[in-house]
Amino acid sequence: MRARPPPHGARKIRRKRLPLPAADPILSHVNDRRLPLLEPRNPLAGSIPELIPRYPRRAACALLVAGLLNCAVAAGHEGASPGAGTEPTQREAFIRAWQAAAQGERSSFEQAMPGLQNYLLYPYLRYEDLRHRRAQIGAEEMAEFLEAHEDWAFSPGLTTAWLRTLGAQGRWGDVLAHAGNSADVEVRCHFAHARIVHGDTEALLPVAQSLWAAGSSQPEACDPVFRWLQDQGGITPGLAWERIRLAMEARQPRLMLYLARYLDEVDRGWADRWSQQDREGYRRLDQAAAWPDTDKRRDIVDYGLRRLARSDPDHAWRLLQDLGQAIAWPGDQQGPILREIALWSAVEGLPETPQRMHAVPESVHDDRLLEWWVRHDLARGNWQEVLQTIDRMSPKVGQDSRWRYWKARALLETGAAAAGEALLAALAAEASYHGFLAADRLNLPYTVCPEVPAVAAEAVDALARQAGFDRALELRRAGIGNWARGEWAMAARRLDQAGLRTAAALAVREAWPQMAIFALGDSGDQRWYEWRFPLDYAPLVEANAGGLRLDASWVMGLMRSESALAEDAVSPAGARGLMQVTPGTARQLAQRHGLRYSDDEQLLQAEVNVR
């Protein structure tokens, strides 16, 4: 199977998205797009990095996970605190009301609401009520509620669902009053439609054209806007061809065929050529040498060669050379083609990779290309080239521990021993995989011993009372984990490094390991191992792993990697629980081993999932 290059600088990380508590199809769709609950503030931070120890064993320090399993240290903030200022009876009443709403018992839900107006989570009941009645409610009441709760986790999803409903009902005045700042495509189309209805069409043409020129099919709400656009002569052959290009880049060839109707007869011929080449995998792109020399020919050849490079870089390279005499490429237009061919040549490990890399103009060099160039040269021991290519990486990527290690190795191999050893010595002081490799090269002990987390209890208490975190904690106590994570995620985005450390301490105090892991990933405190690799489930793992002759440390690492120790984690593919077991696999295992398995919700119970 052909290897795929990951995005530059990325490690292989699996992220889980958890379901949101919205039964309504419209709102569920909105929420799915709105709230990536486990997304960190950057592509790597807080995402569960380096979960399973891959380091060689050393006597200098015990292995991280095994050591933590053998001697757990007190965290300093133990146990989950009860909700401050919340009467248990209020919480119980709220839970009953929330469950009544989930079960469609509207009368029970409405009867419970009046007695909870002073409860912290009362707005969640208002949210549920307004969500249910958004088609009938007055715009002023909804707008007032959303403005008062704009920093609550439910607000973005409810706002979009409400604006879509206004548009679907044709309440154009309300759409104009409230939908102008929405980024949702369906709402934007409703807003443009409202402008048409009210005769406000000045400068609307480019807005409608930008909505139409998309690489995928747009929502039905856009159809009236597109009919108006066509009536105004705004769908020109040039705009139609631009959308065809976008559709092909988005791998929507059927949309391209539909869009051909907006082209003139000559241009429809170009669309037919493109469609034919796409069906044949661009393996007969040499036919383009006989085509008229136009921008559309270059568009087809450009896309076709980049596409072909992914499956057959050798063929793409030969075609590029053969077509070079027939096609006049302006400026650096060949650059992206050469980049794709060189990149996939490196992925394939082809011997022609250096030649193709050197042919790529520097204007289209990026870190992803350079990283694969280095990998190719490392595999062949081309140390001078390794050194030169690492030096061309961006500072951010070049300072990654991986490339600092290989730069040090390249310096050693090319005779610059002093510089190489100095770089290795600095790297060996870091608690990372490549830091351990650097320590091996210098015969030094690993820098793996933990730093003791230090956060003042007063700061933790203050954060627990802060808006957003107080709601997250109370939602969790009420058993509404999805919205609890949403509130926590929104509140955590506002924190600096010190605040993230405090958030980690709060999560530890509340026995919420998932949030401690993410907070410390964002804060950069990689050596706060006690909180980054919590042992909440260690007794359960040890009890089950021993009889199966499995290393409990390995199982704990796998569990942390799969779910970040979130007992109720559910992936987009339906995998559930700590070990991310799919229902199908669970049924097979239960049948094979004679275990009791009645429904998929069992997988959200730690004892069942780990067993």
Side-chain angles (χ1 to χ4, degrees), residues 17 19-20 22 24-37 39 130-131 134-135 139 142-143 146 150 153-236 238-262 486 490 572:
R17 275 208 326 149
L20 290 167
D24 184 279
I26 296 179
L27 194 58
S28 178
H29 174 70
V30 172
N31 282 335
D32 257 356
R33 299 177 60 186
R34 168 186 68 83
L35 192 60
L37 293 179
E39 283 297 315
L130 296 175
R131 181 185 74 84
R134 68 180 182 273
M142 179 68 88
L146 290 170
E150 63 180 352
F154 56 66
S155 184
L158 179 59
T159 299
T160 299
W162 173 56
L163 294 175
R164 288 180 177 182
T165 300
L166 291 180
Q169 292 180 317
R171 293 164 61 178
W172 304 121
D174 290 336
V175 170
L176 288 175
H178 300 287
N181 295 323
S182 177
D184 180 75
V185 173
E186 184 173 333
V187 175
R188 289 174 60 204
C189 284
H190 282 313
F191 188 74
H193 189 186
R195 289 184 59 186
I196 294 169
V197 171
H198 281 254
D200 178 20
T201 58
E202 184 178 357
L204 183 59
L205 191 66
V207 173
Q209 287 176 325
S210 68
L211 287 167
W212 188 82
S216 58
S217 296
Q218 298 290 62
E220 290 184 7
C222 299
D223 290 349
V225 179
F226 296 162
R227 286 194 293 270
W228 175 85
L229 179 63
Q230 189 170 11
D231 291 342
Q232 302 300 309
I235 303 179
T236 64
L239 184 66
W241 187 258
E242 174 60 22
R243 190 176 183 189
I244 284 173
R245 290 178 62 252
L246 294 172
M248 294 305 291
E249 293 286 355
R251 296 306 303 147
Q252 298 288 326
R254 295 183 64 182
L255 177 59
M256 184 198 73
L257 294 176
Y258 170 82
L259 295 171
R261 68 185 63 192
Y262 297 105
M490 291 188 71

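Of the inter-residue distances, the one linking His178 atom NE2 with Leu166 atom CG reads 7.5 Å to the nearest 0.5 angstrom. Remark: Leu146 CG to Trp162 CH2 distance equals 6.5 Å, nearest 0.5 Å. Of the inter-residue distances, the one linking Thr159 atom OG1 with Asn181 atom CG reads 11.0 Å to the nearest 0.5 angstrom. If you take CD on Gln232 and OG1 on Thr201, they are separated by 7.0 Å, rounding to the nearest 0.5 Å. Here the straight-line distance linking atom CD1 of Ile196 with atom CH2 of Trp228 works out to 5.5 Å at 0.5 Å rounding. The distance from the SG atom of Cys222 to the CD atom of Glu186 is 7.5 Å, given to the nearest 0.5 Å.
Listed here is the closest heavy atom pair of Phe226 and Ala208: CE2-O, 4.1 Å. Contact detail for Thr165 and Ala135: the closest heavy-atom pair is CG2-CA, 3.8 Å. In terms of heavy-atom proximity, Ala213 sits nearest to Leu239 at CB-CD1, 3.9 Å. Shown here for Gly215 and Leu255, the closest heavy-atom pair between the two residues is O-CD2, 3.6 Å. A pairwise comparison of heavy atoms in His190 and Trp172 identifies O-CZ3, 3.6 Å as the closest pair. Here the closest heavy-atom approach between residue Ala247 and residue Met256 is recorded as CB-N, 4.4 Å.
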Run Val175 and Leu163 through side chain to side chain contact (heavy atoms under 4.5 Å, CB included) and show every step you take. CA-CA 7 Å; Val175 170; Leu163 294 175; over 6 Å; no
Kindly determine whether Leu259 and Trp212 satisfy side chain to side chain contact (heavy atoms under 4.5 Å, CB included), including the steps that lead there. CA-CA 11 Å; Leu259 295 171; Trp212 188 82; 3.8 Å; yes
Evaluate side chain to side chain contact (heavy atoms under 4.5 Å, CB included) for Arg131 paired with Phe154, printing each intermediate quantity in order. CA-CA 10 Å; Arg131 181 185 74 84; Phe154 56 66; over 6 Å; no
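Among residues two or more places apart in sequence or in another chain, the salt bridge (charged side-chain N to carboxylate O under 4.0 Å, His left out) test is passed with Asp200 by Arg195.
Exactly one residue among His193, Gln230, Arg188 makes a side chain to side chain contact (heavy atoms under 4.5 Å, CB included) with Val225. That residue is His193.
Looking only at distances, no side-chain donor or acceptor of Thr160 sits under 3.5 Å from a matching main-chain atom of Gly157. Between the side chain of Gln209 and the backbone N or O of Gly234 there is at least one donor-acceptor pair closer than 3.5 Å.
Counting only heavy atoms from C-beta outward, the side chains of Ser155 and Met490 never approach each other to under 4.5 Å. Inter-residue side-chain proximity for Met142 and Leu130 is flagged as met; some heavy-atom pair is nearer than 4.5 Å.
Sorted by first and then second residue, the side chain to side chain donor-acceptor pair (under 3.5 Å) pairs with a member in residues 241-259 read Trp241-Asp299, Glu242-Arg245, Glu249-Arg306, Arg251-Asp278, Arg251-Tyr303; sequence neighbours excluded.
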